[in-house]
Structures are given as C-alpha cells and as structure tokens.
2 protein chains.
Amino acid sequence: MVTINDIARQAGVAKSTVSRYLNNGSVSLATREKLDKIVKETGYTPNTFARSLKATKTNMIGVIIPRLNSASTNEVLSGIDQKARESEYDLIITNSNQDRERELGNIQTLINQKVEGIILLAREITERHRKLINDANIPFLVLGQKAEAIHSMAYSDYEAGYKIGQYAIELGHRDFLFFGVSEQDKAVGLERKNGFLESLKDTTDTTVKIIETSFSKKVAYQDAIDALPNSKASYVVCATDNIAIAVLKAAVELKYSVPEKFSISGFGGYEETDYVQPTITTMSYPYKEMGIQAVENLTKLVNGIDIPYETLLPNELIVKNSTIKR
Amino acid sequence: MVTINDIARQAGVAKSTVSRYLNNGSVSLATREKLDKIVKETGYTPNTFARSLKATKTNMIGVIIPRLNSASTNEVLSGIDQKARESEYDLIITNSNQDRERELGNIQTLINQKVEGIILLAREITERHRKLINDANIPFLVLGQKAEAIHSMAYSDYEAGYKIGQYAIELGHRDFLFFGVSEQDKAVGLERKNGFLESLKDTTDTTVKIIETSFSKKVAYQDAIDALPNSKASYVVCATDNIAIAVLKAAVELKYSVPEKFSISGFGGYEETDYVQPTITTMSYPYKEMGIQAVENLTKLVNGIDIPYETLLPNELIVKNSTIKR
DNA sequence: TTGTATGCGTTATCAT
DNA sequence: ATGATAACGCATACAA
C-alpha cells in the first residue's frame, strides 16, 4: 500500500506538502507537477480511515432501508442516490431487514462511520431510537412516518385514504372490502385505513369489511381467495398496489370480472399497475421525489439551516380501468 | 465523543487494558465488570476509523450494483445481504448507476475502505477494471458476466436461450419475433440471443425477426406496439421478463389474444410474471441463490481457498399460460 | 511555499 | 493481568 510518506519521499518533499497538494493546494507549480506525476504513477489514493480520523467532515450520508426488494424503497433510494451524487455526497446504504435490533445497530454503525447525516426509512420510532439520535447529535431524517420532535418526511396517508373513499362514494359504491396491513405500520396500516373509514362517515348505508393481510403478494393472494367469495362488496380497497395486484389475480382465478363485478384500487402508483389487466386505479406517491427532497432537507440540517419538523408530500389519484361507477 | 481514553480514565486503568477488554478479553473479572458498567453508561463504541487504521481485517464486503431499481439486482442483493449477515460481514453497497467511470470510482473507494473483498454486478470488464483489481490484490468476484482470468459467477444464458428455442420448436412454432437488448450486455444481449438462434438451426423453415429494444418497459411497450402488427410470428421471445410484460400489454392493447394469436415467453422468473394475464412462461434464474453463493465464494477467496474462475448457475424453464402449441 | 511537530483513537509490542 | 509506548496514515498549527 502506497502512503503519503512514499509520495513525499519519492518527490523529495515533506509529507505536509503532499497533504497540502491533496487538499487546499497551496504548492508551487514545480512541486505540483512533480506530485501529479508520482501520484499518477503510483496510483496513490489517500487512506479514507486515516483521513476521517482527523477530519470533521466525511462527506457521507447514511441511509437505512427496511428491505432490499421493495419497489417503493428502491424508488426513494434512487432519488436519494441521484441527489446525493449531485451534491457530492457519498452514500452508505444499510439494510435493516425489518429487524428493529438491526436497525438500531445500523444507526450506531453509521454514527461510528461519522456520516454527516442519517436518513431512515422507518416504520416506527422508539425511545431507543431517540436516545441514540440525541446522544450522537447528528442530523437525522425519518422517511415514511411522522415522528414527534424528529425531522420527518411523510406522505399524507390519512388524506390519501380519505380521497380514495371519497372517490368510491362518488362512483356510487356503498359496500366495501378493505385489505389492510398491520397497524404497527402507522402510515400504511393505520392512516390509510382511518382516512378511508372517515370518508365514509358522511354517507349512510355503507358497509365495510376489513381484512388484515400482508405486504407479500403471495399472502395477500391467498387471503383474497378466501375472502372474495364471501364478500358482497362492489369496491375493494387495497392498502398497497401489491395487494391490489394480488387481489386482482385472485379475482381472475375466481372468475370475477374486474371492474364489472367489483372495482379495485391500490396505493403506491407502482409502474406494475399499468401492466396488468385491467390497469389498476391507485393513489400515486412521489417516491423518487421524496428521495431527492430528503437529501435536500438533510443537507440543510447539516448546514445548520432550520426546516420544519414535518414535511408532507402530496399524492395524487390516478384513475385507470379497475374502477367504474356502480 | 467518548473515546477509549475516557473509559480508561473513568475506570482508573490504562487504555491498553480497555482495548484488551474490548478485543481478546484477557482481563480480570473485577476490571471487566467495572468496564462493562462504564461502557454501558457512556454508550461508548470504538471508533471505526481508528480501528481500521491499524487493523488488517475490517470484516467488510463491498458490493457494486449497476442500478437501484431492478428486481433481479435486488434479489441478488438480498441473497448477498442474508449470507453476509450470517457470516458476520458488514456490507457496503454502492451504486454505479450504469456509469463505467462511477463503477471504477466505486472500486477504488471500496479498496480505500479496506473491504476484504468486492462483489461486482457487472456488464463488462475492461482493462482498467483488471488493473485496479490486480494492483489492489483483493478478492474480486464478478456476477452476471464471465470474465477472463477473474473469478465470476454467471448464468448459462446461452443454454437458456437454446432451451427456450427448443421448447418453442417442440410446440410446433416456426415463425419467431425476438425482442432483445444491446449486445453490449454480453449475457442478456448476446448469449440469450445466440443460444436461441442456435436452437433453430436443426429445423428448416424457421423465420426470425430480431428487434433490439431496451430494459425499460415503456420503451419495450412502444417498440412492441410498432412491431407486432407487422409480424407473422406465432411465438414472441423476449430477452427479459420486463420486456415480455410490456409486449403482453401491447398485445392486449392491439387486441391480439395471447397465447392464441401468438405465444410469449421471457427470461428471469420475476414474480411479476405470475400476476399478469395470462401468466408468462419464463426461464427462471436463481437470483437470490446467486447472492448467497457469491458471499460463500468470496469468503473462500478471502481465506485463501481456491475456487474455479467460473461458476455457472442453472436456470429452469417455468411453463405458464402464455405459451401453447401451434 | 515548504518543513517540523503533534495529535486523531485504536491496536500491538513489550515490559512489569 | 496490567501499563507504557510506538505505530497506523493523514491533516494542520506553527515555524522557517
């Protein structure tokens, strides 16, 4: 391994000169050229660890994601990646695999790595999260969930649920089947559902059956196969696009035609909803945009610029062919 | 920030004792308990950089992926992640965004980070790659493409293409439309196509029209809209599942019924092919398994155990409802 | 502009 | 079992 000392020796200068050459750059043209040459020849690159040991700035942002094979996560991530690149930040991406202990461990690891800020795609913020974050005194941004007294960016899921309900009511639907997920996930499990339920309150004669299923298509498919035959619903609300796609498959399997027999809608705005038959009406979320804005916000925090604790991103109803008038 | 010195001072011992306590652990019970307490109270964790500055082992594996929003990439990645976790390796995941300069930069970064080995999900290995790898003298594993004199793992894409062709011929098809991608991608663009073409050679009276499209569904969809009306093919071979899904959508749009009007098959074995109508016949690739084996192989290399330069993974034809006899 | 000396937090060597 | 000290590679305050 070639070090700054090697370069200095070969060039016949002090290593501080080399260091200066590498950083602020107050060196004479002659030595600069000499060093240019030697660095190139040797392929020398500064040792990150030695550098970071001294430095206060590492130019790195840490990201913690809940899992690797999620379409929405990866969209957010690619937004983060794009903006981080533009802002000349390096990214450290870690995966918690939906494991809380691992998530906390990842935060600690990132702090040790002296990242300048952490972006956490989270489901729930516990006291231990708070303690860790406070002790480290590091800019921290939670994505996808709101969190008291912590900077966060989230979608207005309650409103999204409400809008879906409103839309369905306007179409004349009164009997609903709702496929949700665990309330542990505040945004997806709780708020979407509550917003939806709230939207029905102004209308009489509505019925709702709620089924808790999973993010997994396979599980959701099976749950739909079980539930659809016993349902009188004319509109099936699915808490995610994946669930909607699975329910659609179950419907096809059971020979219920969609949307004639019942309408289906999802949440997420995944590209995949465009490539099934019928295409699925969905609440679209600006995932990539969230990633971009997350880095922007974090950059502000890093630079001591104040931002509101909570940033809400809009969502938009995309009507496609899976929903019709009753 | 609390350091090993703080701990030592508080415990009234030398920092070397604390270091020993942290590592091999040859300390008396009394001091151990004292240190346990203090470490817990202060929330002390060793500084990664200082550690890595001395240490020869970092316990980190570097991974370079071409993009963040690809289903296959993420499957591989989740296999890598799982096995790395089991093997107590930390992962550094970097994204090249399909940019060669960035890819080379990432390799350099990872080398600087003193990772113990690098896994590269690659399209092409250039001389500059080789130089970098050789100079660093670090275990290196290329995934998805073969590479001369570099350890690699790949699917037998040629064989996969051949098997698809064979299957279609057996079904009685003679007229083909092939949606491929750029030959720059050796595995997907070249080998699948060549294997397929080779399989037709034993049969007379076959016709093939080849169209080069893109990995993007949107582009593939548009290309299919343009190409399908002018095609007399009874079987459409798509070089990826995404392309197959896009072609299917185009077919529906154009009111061609699949598989009656023509059969469609893909490559990849994506879950998504199970959730469209009809479900799509595909060559399934063990993506996650590749990730797992990649870490196993890299671990061997790190430990100086020799493995063959080339590891080929099998693939399997999954027949579904998009292909029928002619 | 350049060189000298010091310190960053840790591990390793060698005494004790 | 424990402590003192050197070393890792680099940045920087200060002196020249």
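Labels below follow one simple rule: chain letters A, B, ... track the order of the sequence lines, proteins then strands, and each chain is numbered from 1.
Relative to the axis of its first five pairs, the axis of the last five pairs of the helix from C:dT1-D:dA16 to C:dT16-D:dA1 sits at 30°, rounded to 10 degrees.
Listed by chain and residue number, A:Arg130 satisfy the salt bridge (charged side-chain N to carboxylate O under 4.0 Å, His left out) test with A:Glu127 (two or more places apart in sequence, or in another chain). In this structure B:Arg9 satisfies the salt bridge (charged side-chain N to carboxylate O under 4.0 Å, His left out) test together with B:Asp6, sequence neighbours excluded. Taking the salt bridge (charged side-chain N to carboxylate O under 4.0 Å, His left out) definition, one finds that B:Glu191 meets it with B:Lys146, sequence neighbours left out.
Chain A approaches DNA chain D over the interval D:dG9 to D:dT12, counting the first and last nucleotide 5' to 3' with an atom under 4.0 Å from its heavy atoms.
The pair A:Glu33-A:Lys37 does not count as a salt bridge, with every side-chain nitrogen at least 4.0 angstrom from each carboxylate oxygen. Ionic pairing of A:Asp81 and B:Arg102 is present here: one or more N-O contacts between side-chain nitrogen and carboxylate oxygen are shorter than 4.0 angstrom.
Side chains of A:Thr31 and A:Ser28: a donor-acceptor N/O pair is present below 3.5 angstrom, by distance only. For the residue pair A:Asn106/A:Ser96, the side-chain donor-acceptor check at 3.5 Å is not satisfied. A side-chain donor-acceptor contact under 3.5 Å links A:Glu103 and A:His129.
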Protein proximity profile, nucleotides 1-10 of chain C - base contact B, sugar-phosphate-only contact S, no contact -, cut-off 4.0 Å on heavy atoms: SBBB--BBBB
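Under a 3.5 Å cut-off, the side chain of B:Ser87 and the backbone N or O of B:Tyr89 do not form any donor-acceptor pair.
Smallest separation of non-hydrogen atoms from A:Asn74 and A:Leu68: ND2-O, 3.2 Å.
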